[in-house]
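Here the structure comes first, spelled out in structure tokens, and everything after it is commentary.
Below, chain A is the first sequence line, B the second, and so on; all start at residue 1. All values reported here derive from a predicted model rather than from experimental measurement. The basis for the numbers below is simple: all heavy atoms, side chains too, and nothing from hydrogens, waters or symmetry mates.
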2 protein chains.
Amino acid sequence: MDTVSSPGRHSRLDCSPGCSVEATLSLIDGKWKGVILFHLLDGTLRFNEIRKRIPDVTQRMLTNQLRELEVDGLIARRVYAQVPPKVEYSLSERGRSLEAVILALKHWGDAHLHLFHPRDSAA
Amino acid sequence: MDTVSSPGRHSRLDCSPGCSVEATLSLIDGKWKGVILFHLLDGTLRFNEIRKRIPDVTQRMLTNQLRELEVDGLIARRVYAQVPPKVEYSLSERGRSLEAVILALKHWGDAHLHLFHPRDSAA
DNA sequence: GCACATAGTGTCAAAATGGATACCGTTAGT
DNA sequence: ACTAACGGTATCCATTTTGACACTATGTGC
């Protein structure tokens with residue numbers, strides 16, 4: 001168990017109080033996790049339904065991000081034994097508990113970014 | 001090219017409503033931004049004071065992250081014409097407005113992962 | 001016997017990110 | 001003359017992340 005007690009090297013969580021910020025961030029960070037989580041707030045979605053909602057994500061990336069979210073226990077993956085395949089993704093309880101965080105991010109974005117990006121200006 | 005901000009990150013925000021989530025995320029994302037912001041919630045800090053609070057950050061990285069935060073208008077940088085130099089960092093108004101978000105991240109972290117990280121264990 | 005649909009995998013290469021280390025400029029102290 | 005203090009830069013390199021693109025499996029419809 002590589003938790004706080006590791007003597008010489010600390011992996012992520014045993015630093016200053018600010019660490020839980022970084023730790024939480026590390027879960028929802030990854031180019032598409034935020035949006036994925038956001039869309040799943042609305043309910044269960046199939047793989048291709050998510051793709052439609054996030055047109056720029058590639059198949060590989062989507063699979064990837066979904067897998068990471070699953071490993072971190074934020075989403076549940078349900079496979080139906082059908083052909084063609086059907087796989088549904090939904091928030092786990094843990095994922096659902098992130099709702100406040102996701103919405104905080106969204107609200108701040110809506111209020112302070114009002115749908116354009118300051119860093120784009122020079123491009 | 002080791003410049004300040006990375007335009008390749010999330011420059012195109014033309015996706016769905018969930019985009020403000022990613023957009024906000026892209027601002028506080030970066031290995032140390034979350035913690036930096038968190039520490040600045042307490043008030044103005046000098047460069048080396050931040051370093052002391054975040055022992056693992058290298059000088060280069062700290063400069064880097066601070067620059068990005070500055071470019072994104074989240075922090076203010078105040079240079080005193082002295083020798084040796086004195087540079088103070090503080091939250092801008094925009095940065096201060098992120099307080100709720102930072103705290104949401106911290107609270108979730110404290111409550112839901114309280115020092116247990118799934119991805120760290122089985123290496 | 002071919003294409004279509006869904007939900008993937010595999011491989012390679014480019015790009016972004018992060019770490020290590022050394023250097024810079026000014027002035028005060030010894 | 002040399003060193004320390006502070007807040008950086010510059011350069012090089014390793015690791016990680018992401019993108020492009022091709023490939024897979026299988027049952028159905030034509």
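With sequence neighbours excluded, the residues forming a salt bridge (Lys or Arg N to Asp or Glu O under 4.0 Å) with B/Glu99 are B/Arg96, listed by chain and number. Taking the salt bridge (Lys or Arg N to Asp or Glu O under 4.0 Å) definition, one finds that B/Glu49 meets it with nothing, sequence neighbours left out. Listed by chain and number, the residues in a salt bridge (Lys or Arg N to Asp or Glu O under 4.0 Å) with B/Lys86 are B/Glu88 (sequence neighbours excluded). B/Ala104 pairs by the side chain to side chain contact (heavy atoms under 4.5 Å, CB included) definition with A/Val101, A/Ala104, not counting sequence neighbours. Here A/Arg77 pairs with A/Tyr89 under the side-chain hydrogen bond (donor to acceptor under 3.5 Å, both in side chains) rule; sequence neighbours left out.
Rounded to an integer number of Å, the gap from A/Met61 CE to C/dA15 C1' is 12 Å. Atom CD in B/Gln82 sits about 10 Å away from atom C1' in D/dC6, given to the nearest Å. We find that NZ of A/Lys31 is positioned 13 Å from P of C/dA15, with the value rounded to whole Å. Rounded to whole Å, atom P of D/dG7 lies 14 Å from atom CD1 of B/Ile54. Going from atom OH of B/Tyr80 over to atom P of D/dG7 covers 12 Å, rounded to whole Å. In this structure, A/Glu22 atom CD and C/dG18 atom C1' are separated by 14 Å, rounded to whole Å. Distance B/Asn64 CG to C/dA16 C1': 12 Å, rounded to the nearest Å. Atom CH2 of A/Trp32 and atom C1' of D/dG19 are 11 Å apart (whole Å).
Heavy atoms of other residues, nucleotides or ligands lying less than 6.0 angstrom from CD of A/Gln82 number more than 12.
When atom types are taken as modelled, the side chain of A/Ser92 and the backbone of A/Gly73 share a donor-acceptor pair closer than 3.5 angstrom. With hydrogens and angles ignored, the 3.5 Å screen pairs a side-chain donor or acceptor of B/Thr24 with a backbone N or O of A/Leu105.
Among residues at least two apart or in separate chains, there is no salt bridge (Lys or Arg N to Asp or Glu O under 4.0 Å) pair with a member in residues 38-48 of chain B.
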Contact state string [nucleotides 3-12 of chain C, B base, S sugar-phosphate only, - no protein heavy atom under 4.0 Å]: --BBBBBBB-
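Between the two ends of the helix from C/dG1-D/dC30 to C/dT30-D/dA1, each summarised by a five-pair axis, the helix axis turns through 30° (rounded to 10 degrees).
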